Amino acid sequence: MKTCRRAWNIVKRRHGAKVPENPFAQMGLESSDRETPTATYAELQAFRAKAVELGFPSLATAALIEWEWLQREKHVFGAFDVKHYRPKVRPNAVRVLHPKNGTEAWMPLFDDDGVPLLPELMAELDALKRDRIGGLHAPARLG
């Protein structure tokens with residue numbers, strides 16, 4: 001509701017008399033100065049271990065992608081595809097999409113000496129890529 005109120009106010013400022021009064025303005029919504037808590041690396045690892053234990057290794061990999069590449073879950077599950085990881089034209093990089101603003105970035109996977117920057121994530125994505133046709137969680141298997 002707070003998001004609706006804010007969006008309405010923005011449109012009202014831009015279009016003035018064309019937009020009626022904000023129906024969300026008098027809802028008694030309270031704002032909080034509380035900072036959104038951020039997970040620790042230990043909490044991430046605990047989540048990943050439990051996901052694997054329950055039989056959801058792709059979910060564990062998705063959580064690590066979100067952590068390492070600062071992605072939202074809807075970007076990982078909606079925009080990321082295994083074919084973005086180490087494609088033939090860029091075998092030492094990964095294509096990270098940002099659907100919110102329509103941009104993309106090619107992120108290096110190795111440092112200048114050829115050492116993997118994200119060995120744990122790369123091992124998981126290498127395994128996924130070997131076994132999948134596309135998508136992070138695509139059920140289709142080769143073979």
Side-chain angles (χ1 to χ4, degrees), residues 1-15 18-20 22-143:
M1 294 289 98
K2 290 177 191 176
T3 302
C4 292
R5 178 179 62 194
R6 178 163 160 46
W8 196 289
N9 286 337
I10 290 169
V11 172
K12 177 75 173 164
R13 277 194 302 270
R14 291 187 180 155
H15 299 284
K18 294 180 183 178
V19 177
N22 190 339
F24 302 101
Q26 301 301 320
M27 292 184 69
L29 302 173
E30 295 180 20
S31 295
S32 170
D33 291 336
R34 180 180 69 89
E35 187 174 315
T36 302
T38 303
T40 65
Y41 190 72
E43 290 168 330
L44 169 70
Q45 291 298 60
F47 172 85
R48 286 174 35 77
K50 191 63 168 181
V52 170
E53 177 187 322
L54 294 173
F56 300 106
S58 291
L59 188 58
T61 300
L64 189 55
I65 288 171
E66 292 167 15
W67 179 274
E68 296 291 2
W69 297 336
L70 305 175
Q71 293 282 283
R72 295 181 168 128
E73 74 261 6
K74 65 182 176 182
H75 295 171
V76 173
F77 289 107
F80 180 74
D81 195 300
V82 171
K83 67 184 175 189
H84 297 156
Y85 173 72
R86 301 183 77 178
K88 290 181 183 180
V89 295
R90 292 190 183 194
N92 296 326
V94 61
R95 179 179 178 217
V96 178
L97 302 171
H98 301 281
K100 185 175 180 180
N101 60 16
T103 62
E104 68 177 47
W106 283 95
M107 296 180 61
L109 295 169
F110 299 90
D111 68 12
D112 292 337
D113 296 324
V115 177
L117 296 171
L118 305 166
E120 182 178 23
L121 180 55
M122 290 174 64
E124 291 178 30
L125 288 172
D126 285 338
L128 276 172
K129 193 163 186 167
R130 273 191 307 272
D131 296 339
R132 312 277 173 165
I133 293 171
L136 180 62
H137 58 287
R141 295 209 177 262
L142 296 173

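Only heavy atoms go into these numbers, but all of them, side chains included; no hydrogens, no water, no symmetry mates. Just so you know, these numbers come straight off a predicted model, no measurement behind them.
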Practice task
Decide yes or no on side-chain contact (heavy atoms from CB on, under 4.5 Å) for Phe80 and Gln71, but give the supporting numbers first.
Solution key: CA-CA 10 Å; Phe80 180 74; Gln71 293 282 283; over 6 Å; no
Handout entry: From Glu68 atom CD to Thr61 atom OG1, the distance as rounded to the nearest 0.5 Å
Key = 12.0 Å
Practice task
Determine the minimum heavy-atom distance between Trp106 and Pro87, stating which atoms define it.
Solution key: CH2-CG, 3.6 Å
Practice task
Measure across Ser58 and Leu128 and return the closest heavy-atom pair with its distance rounded to 0.1 Å.
Solution key: OG-CD2, 3.8 Å
Exercise for the section: Look at atom CG of Asn101 and say whether more than 12 heavy atoms of other residues, nucleotides or ligands are closer to it than 6.0 Å. Expected result: yes
Handout entry: Pairwise distance OG1(Thr38) to CD(Glu43) - rounded to 0.5 angstrom
Key = 9.5 Å
Handout entry: Pairwise distance CZ(Arg72) to CD(Glu66) - rounded to 0.5 angstrom
Key = 11.0 Å
Handout entry: Arg86 side chain reached by Val94 side chain, heavy atoms, under 4.5 Å
Key = no
Problem - Side chains of Leu59 and Phe77 in contact at under 4.5 Å (non-hydrogen atoms) - result: yes
Exercise for the section: List the steps, then state whether side-chain contact (heavy atoms from CB on, under 4.5 Å) holds for Gln45 with Trp67. Expected result: CA-CA 11 Å; Gln45 291 298 60; Trp67 179 274; over 6 Å; no
Handout entry: Minimum side-chain heavy-atom gap Ile65-Leu125 below 4.5 Å
Key = yes
Exercise for the section: Please assess Leu109 against Met122 for the test side-chain contact (heavy atoms from CB on, under 4.5 Å), listing each intermediate value before the final yes or no. Expected result: CA-CA 8 Å; Leu109 295 169; Met122 290 174 64; 3.9 Å; yes
Fill in the blank from the handout: For Ala60 and Val52, the nearest pair of non-hydrogen atoms, with its separation, is CB-CG2, 3.8 Å
Exercise for the section: Calculate, to the nearest 0.5 Å, the distance between atoms CD and OH belonging to Glu124 and Tyr85 respectively. Expected result: 10.0 Å
Problem - Distance in Å, Asp81 CG paired with Lys129 NZ, rounded so as to fall on 0.5 Å steps - result: 9.0 Å
Handout entry: Heavy-atom pair with the smallest gap, counting every atom of Asp113 and Asp111
Key = N-OD1, 2.8 Å
Exercise for the section: Could you tell me the separation between the CZ atom of Phe47 and the CG atom of Leu64, rounded to the nearest 0.5 Å? Expected result: 11.5 Å
